[in-house]
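These numbers come from the heavy atoms of this one structure, side chains and all, not from hydrogens, waters or symmetry mates. Order of the sequence lines fixes the chain letters, A, B, ..., with proteins taken first and strands second; residue numbering starts at 1 for each chain.
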2 protein chains.
Amino acid sequence: MKLTQAEWQIMNALWEKHPATARDIMTRLPQGVKWAYTTVKTMLSRLVEKEAVSEHKQANTSIYEPLVSQRKARLSAFRLLLDQSFNGAMGPLMHFLLQEQKLNDKQKKELIEILGNESEKAGEIK
Amino acid sequence: MKLTQAEWQIMNALWEKHPATARDIMTRLPQGVKWAYTTVKTMLSRLVEKEAVSEHKQANTSIYEPLVSQRKARLSAFRLLLDQSFNGAMGPLMHFLLQEQKLNDKQKKELIEILGNESEKAGEIK
DNA sequence: TGGCATCTTCGACATATGTAGTAGAATACT
DNA sequence: AGTATTCTACTACATATGTCGAAGATGCCA
C-alpha cells in the first residue's frame with residue numbers, strides 16, 4: 001500500500017480523528033496546505049478505491065475511516081526508503097543517522113535505554 | 001533535490017562507480033531492473049537537467065558524474081519521510097523502529113556502542 | 001416554502017514519472 | 001572501404017499525481 005505525498009496529508013488528518021467527513025479532514029490539514037474542498041474529496045475517492053479508507057453515507061454525507069493503519073503505512077514507507085536509499089539495510093541508515101547527528105543527546109540516551117531493555121529479544125533486519 | 005524512485009536507481013549505480021557512461025550504469029542496475037538503454041539515457045538527461053548529474057562528452061560518448069552527493073540525497077529523502085510519515089520528528093521514528101523490531105540484537109548492541117561513544121564525545125553521558 | 005449552504009458525482013487538465021522506439025551520426029571490426 | 005555496433009538527440013505515450021470547477025441533489029433555517 002503505497003501512499004503519495006498528498007495522500008499522506010489526508011491520511012494523517014484521518015488517523016488523527018476518525019470517523020471524519022471530508023470537511024473535518026479539510027480543517028485538519030496542516031496550515032499551509034490549502035486545498036479546495038473538492039480536492040480533498042478527490043483524494044478521498046482515490047483512497048477509497050485503493051481501499052486505504054472506507055466510506056459510508058449518513059444521509060447524503062460521506063463518513064470516512066482509515067482501513068490501513070498508520071503503522072502499516074509507516075512500515076511500507078519506511079521499507080521503501082530503506083530499499084531505495086539505504087541499500088535496503090538498517091546498517092547504512094543507522095550510520096547515516098549518527099553521522100548526520102539526527103539524534104540529539106537526549107534522544108541518544110533515550111535510545112540507549114530502550115535498546116538496553118530490548119536487546120534480549122531478537123529482531124529482524126527485513 | 002527530490003529524486004524519483006527510478007532516478008534513485010540510476011544515482012545508486014552512479015555513486016557506486018563514477019565517472020560512468022550510460023552503458024556502465026545500465027549494467028550496474030539491480031538485477032530485476034531491466035531498462036532499455038534509451039530509458040537509462042532518458043533518466044540521465046532528466047538528472048542532468050535537474051543538475052543532479054553532470055555530463056561531458058568524450059568523443060561522441062557522454063560521461064556522467066554525480067553532482068549531488070549520496071549524503072545530500074539521503075538527507076532530503078530522509079527528511080521527506082520524517083515530515084510526511086512521522087510528524088517530522090525523530091521521536092516517532094525511533095519509537096516505530098523499536099516497536100517494529102527493525103533492529104536485531106547485533107544491530108542494537110552496535111548502535112548502543114556507537115551511541116555511547118558519540119554521547120561521551122558530546123560530553124553528555126551521565 | 002424559498003433559498004442559501006453543502007454535498008456529491010463527474011470531468012478536466014497540467015505536470016510528473018516510467019519506459020521506449022526511431023533515425024541519423026560516430027566508431028569499430030574485418 | 002563496407003558493414004555491424006553503439007551513441008546521441010528527439011519524440012512519444014501511458015499512467016500517476018496534484019488540483020480544481022461545474023452542475024445537480026440535499027439539507028437546514030428564516
Practice item. Quick one: label A:Thr39 by what it contacts on the DNA or RNA (base, sugar-phosphate, nothing), any heavy atom closer than 4.0 Å. Key: base
Exercise for review: Output yes when at least one side-chain N/O atom of A:Arg23 is less than 4.0 Å from OP1 or OP2 of C:dT6, else no.
Suggested key: no
Exercise for review: Look at all strands and tell whether A:Thr38 reaches a base, only sugar-phosphate, or nothing, counting heavy atoms closer than 4.0 Å.
Suggested key: base
Review point. Between A:Trp8 (CH2) and D:dG18 (C1'), how many Å, whole number?
Key: 18 Å
Review point. Do B:Lys34 and B:Leu29 have side-chain heavy atoms sitting under 4.5 Å apart?
Key: no
Point to revise | A:Lys72 atom NZ, neighbour heavy-atom count above 12 within 6.0 Å | key: no
**Study point:** Residue-phosphate contact under 4.0 Å: A:Lys57 side-chain N/O, D:dG27 OP1/OP2
**Key:** no
**Study point:** Euclidean distance, atom CD1 of residue A:Ile10 to atom C1' of D:dT19 [Å, nearest integer]
**Key:** 12 Å
Review point. Over how many whole Å does the gap from A:Met26 atom CE to C:dT8 atom C1' extend?
Key: 15 Å
Practice item. Classify the nucleic acid contact of A:Lys50 as base, sugar-phosphate or nothing, counting any heavy atom under 4.0 Å across all strands shown. Key: nothing
Check your understanding: When all nucleic acid strands are considered with a 4.0 Å heavy-atom cut-off, which category describes B:Arg46: base, sugar-phosphate, or nothing?
Key -> base
Exercise for review: Send over the distance from B:His56 NE2 to D:dT8 P, rounded to a whole Å.
Suggested key: 12 Å
Review point. Looking only at side-chain N and O atoms, does A:Lys2 come under 4.0 Å of OP1 or OP2 in D:dT17?
Key: no
Practice item. Could you tell me whether the side chain of B:Glu100 reaches within less than 4.5 Å of the side chain of A:Phe78, counting heavy atoms only? Key: no
Point to revise | B:Asn60 side chain, from C-beta outward: closest of D:dT26, D:dC7, C:dG21 | key: D:dC7
Exercise for review: Determine the contact category for B:Thr42: base if any of its heavy atoms lies under 4.0 Å from a base atom, sugar-phosphate if only primed atoms, P, OP1 or OP2 are that close, otherwise nothing.
Suggested key: base
Practice item. Would you classify A:Lys41 as touching base, sugar-phosphate or nothing, given that sugar-phosphate means primed atoms plus P, OP1 and OP2, and contacts are heavy atoms under 4.0 Å? Key: base
Check your understanding: So do B:Lys50 and B:Val68 actually touch side chain to side chain, heavy atoms under 4.5 Å?
Key -> no
Point to revise | Below 4.0 Å: OP1/OP2 of C:dT19 and any side-chain N or O of B:Tyr37 | key: no
Check your understanding: If you check every side-chain atom of A:Gln5, which of D:dG18, D:dT8, C:dG21 has the closest atom?
Key -> D:dG18
Check your understanding: What integer distance in Å separates B:Glu55:CD from D:dC7:P?
Key -> 14 Å
Check your understanding: Looking for any heavy atom pair under 4.0 Å, which part of the strands does B:Ala59 touch: base, sugar-phosphate only, or nothing?
Key -> sugar-phosphate
Check your understanding: Taking CG from B:Leu3 and P from C:dA16, how many angstroms apart are they, rounded to a whole number?
Key -> 15 Å
Review point. NZ of A:Lys34 versus P of D:dT19: gap in Å, rounded?
Key: 13 Å
Check your understanding: Judged by atom type as modelled, is there a donor-acceptor pair below 3.5 Å linking the side chain of B:Thr27 to the main-chain atoms of B:Asp24?
Key -> yes
Exercise for review: Describe the nucleic acid contact of B:Thr61 in one word from base, sugar-phosphate, nothing, applying a heavy-atom distance below 4.0 Å.
Suggested key: sugar-phosphate
Check your understanding: How do A:Trp35 and B:Tyr64 order along DNA chain D: which one's closest nucleotide is nearer the 5' end?
Key -> B:Tyr64
Practice item. Starting from P on C:dG18, measure out to CG on B:Leu44 and report it in whole angstrom. Key: 14 Å
Review point. Is there a side-chain contact between A:Arg23 and A:Tyr37, using heavy atoms and a 4.5 Å cut-off?
Key: yes
Study note, to complete from the structure: By nearest-nucleotide position on DNA chain C, the 5'-leaning member of A:Ser62 and B:Met43 is A:Ser62
